[in-house]
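Everything on this sheet refers to the single structure shown next.
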2 protein chains.
Amino acid sequence: MEINGDEQLDRLLGPCHSPGCGVDRTLKVLDGKWATLIVRELLSGPKRFGELRSALGTPSAKTLTDRLRSLEHQQILTRTVYAEVPPRVVYALTEQGRSLSGILYAMLIWGEEHPLPED
Amino acid sequence: MEINGDEQLDRLLGPCHSPGCGVDRTLKVLDGKWATLIVRELLSGPKRFGELRSALGTPSAKTLTDRLRSLEHQQILTRTVYAEVPPRVVYALTEQGRSLSGILYAMLIWGEEHPLPED
DNA sequence: CCGTATCCCGGAGGATACTG
DNA sequence: CAGTATCCTCCGGGATACGG
C-alpha cells in the first residue's frame, strides 16, 4: 500500500468516469453481502459447499448457491462435482479470483486501522 | 500493489475470521450500491449536492441523501451548509474518507486488468 | 451431502410532489 | 438549490420442505 503517492490519485481521478470503467467493473464482481466474504474464504484454498457455509456464518443454502453460481459465471471460481455417494462439491478460486487478493488486503488494512468510532 | 508477496495472503488468512475484523469493517462502510462511488467522486475534491448527483448518474434525491448521511455518521465525509440564498451544501471527504483511496485504487487496477469475459 | 423449489420479508433505491 | 415527505417496486436473502 505504501508505494502510494499521488500518481494513484491521478489515476483515480482520470478519465473514464462513470460506468464501464475500472472501479465499476470491480463493484459488479464484489457485489452484495456475500461475494467478498466468499472470495476471502477461498483464498485459504478450495472448500466444499458445507465448509464454506459454516465458515461464513451459515447463510441459507439458496443464497449461498446463488452467489456461488454468480461468481462461477464471472469466472472468479470453479465448481467441481465429484460423482460419489455422498456427493462432494468443491469450490476453488480461478487465477482471476486469486488476483482479487490485493483488494481484499487493502480492505483488511483499512479496517484494522479504522475501528468504529464509539457512539 | 506489487509489494505483494505472500505475507499479504498470510494476513488475509490469519486469525480474526468472521465479524468484527478488518475486511468486515470495511464492508460496512463501502456498503450498498452508492457508497464506493460517492467516495470516488469526492476524491477529486469537495462537491455540492447537485454536482454529486449528476456526476453519479442522477440517483434519486432521497437515495443520495440517505447514503450521504450514512457516510457522514461514519465520519467518512463532512457536510457543510452555507446559509445563503439559494442554499449551498458542500460534501468533503474526511481524513478517514481519503484513506479509502488505496482500496479504490486496487479496485481500479483490478477492473482494468480484468475486462468482462465475452458472452 | 448438496443442492432445488417455494414462499416470504425487509430495506435499498426510485418517482413524484412539495418546502425553506 | 437542496433537500423532505410519501408511496411504491424490486430483489437479495432467509425459512422451510423436499429431491438425487
Side-chain angles (χ1 to χ4, degrees), chain A residues 18-19 23-42 45-74 76-93, chain B residues 18-19 23-42 45-74 76-93:
Chain A
S18 293
V23 175
D24 312 74
R25 161 81 176 111
T26 303
L27 288 175
K28 262 171 215 143
V29 173
L30 263 26
D31 189 37
K33 187 175 174 180
W34 296 107
T36 307
L37 300 175
I38 290 171
V39 171
R40 178 181 61 177
E41 216 46 53
L42 291 179
K47 285 195 170 49
R48 304 179 54 169
F49 185 84
E51 286 181 291
L52 264 178
R53 198 153 114 85
S54 52
L56 292 170
T58 321
S60 70
K62 171 186 170 300
T63 298
L64 184 54
T65 302
D66 287 351
R67 299 296 96 210
L68 287 170
R69 290 289 189 279
S70 167
L71 291 170
E72 185 188 2
H73 287 137
Q74 296 182 81
I76 300 304
L77 54 79
T78 58
R79 175 173 182 269
T80 310
V81 182
Y82 293 88
E84 310 169 349
V85 181
R88 185 163 56 100
V89 180
V90 174
Y91 295 89
L93 292 179
Chain B
S18 294
V23 175
D24 313 74
R25 161 83 176 109
T26 303
L27 288 175
K28 262 170 215 144
V29 173
L30 264 25
D31 190 36
K33 187 177 175 179
W34 297 106
T36 307
L37 299 175
I38 290 171
V39 171
R40 179 182 62 178
E41 217 44 54
L42 290 178
K47 284 196 171 51
R48 303 177 56 167
F49 185 84
E51 287 181 291
L52 262 177
R53 199 154 114 85
S54 53
L56 293 170
T58 320
S60 71
K62 174 187 169 297
T63 297
L64 184 54
T65 303
D66 288 351
R67 297 297 94 211
L68 287 170
R69 291 287 190 279
S70 168
L71 290 170
E72 186 189 2
H73 286 138
Q74 296 181 85
I76 299 304
L77 54 79
T78 59
R79 175 175 182 269
T80 309
V81 182
Y82 294 88
E84 309 169 349
V85 180
R88 187 163 54 99
V89 179
V90 174
Y91 295 88
L93 291 180

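Proteins come first, then strands; the chains are lettered A, B, ... in the order of their sequence lines, and each starts at number 1.
Here the closest heavy-atom approach between residue Pro59(A) and residue Leu64(A) is recorded as CG-CB, 4.3 Å. Considering every non-hydrogen atom in both Pro87(A) and Arg48(A), the closest pair reads O-NH2, 3.6 Å.
Across Val90(B), Leu93(B), Leu77(B), a single residue satisfies side-chain contact (heavy atoms from CB on, under 4.5 Å) together with Pro46(B), and that is Val90(B). Exactly one residue among Gln74(B), His73(B), Glu72(B) makes a side-chain hydrogen bond (donor to acceptor under 3.5 Å, both in side chains) with Ser70(B). That residue is Gln74(B).
The closest side-chain heavy-atom distance from Leu37(A) to Leu27(B) is below 4.5 Å.
Sorted by first and then second residue, the salt bridge (Lys or Arg N to Asp or Glu O under 4.0 Å) pairs involving residues 54-71 of chain B (not counting sequence neighbours) are Lys62(B)-Asp66(B). Within the structure, salt bridge (Lys or Arg N to Asp or Glu O under 4.0 Å) pairs that include any residue of residues 52-61 of chain B do not occur (at least two apart or interchain).
Residue Tyr91(B) is in sugar-phosphate contact alone, with no base atom involved, counting any heavy-atom pair closer than 4.0 Å across all strands shown. Nucleic acid contact for Arg53(B): none, since no nucleic acid atom lies under 4.0 Å from a heavy atom of the residue.
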From CA spacing to verdict: side chain to side chain contact (heavy atoms under 4.5 Å, CB included), Phe49(A), Leu68(A): CA-CA 9 Å; Phe49(A) 185 84; Leu68(A) 287 170; 4.0 Å; yes
Check the pair Arg40(A) / Asp24(B) against side chain to side chain contact (heavy atoms under 4.5 Å, CB included), numbers first and verdict last. CA-CA 10 Å; Arg40(A) 178 181 61 177; Asp24(B) 313 74; 3.1 Å; yes
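Look at CG on Leu56(B): it is 12 Å from P on dG13(C), rounded to the nearest Å. Lys33(A) has its NZ atom 11 Å from the P atom of dG11(C), to the nearest Å. Here dG20(C) presents its C1' atom at 15 Å from CD of Glu84(B), a figure rounded to the nearest Å. Per the geometry, CG belonging to Leu52(A) stands 10 Å off P belonging to dC2(C), to the nearest Å.
Two end axes, each from the C1' atoms of five base pairs, can be drawn for the helix from dC1(C)-dG20(D) to dG20(C)-dC1(D); they diverge by 50°, to 10 degrees.
Taking the salt bridge (charged side-chain N to carboxylate O under 4.0 Å, His left out) definition, one finds that Arg88(A) meets it with Glu84(A), sequence neighbours left out.
Listed nucleotides dC2(C), dG14(C), dG20(C) differ in distance to Val89(A); the shortest reach to its side chain belongs to dC2(C).
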Review item, nucleotides 4-9 of chain C N/O atoms under 3.5 Å of protein N/O:
from   : atom 1 : to       : atom 2 : distance (Å)
dT4(C) : OP1    : Arg69(A) : NH2    : 2.8

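A close approach under 4.0 Å does not occur between any side-chain nitrogen or oxygen of Arg88(A) and OP1 or OP2 of dC2(C).
Mapping heavy-atom proximity under 4.0 Å, the span of DNA chain D touched by chain A runs 5' to 3' from dG13(D) to dG20(D).
Atom CG in Leu71(B) sits 9.0 Å away from atom CG in Leu42(B) (nearest 0.5 Å).
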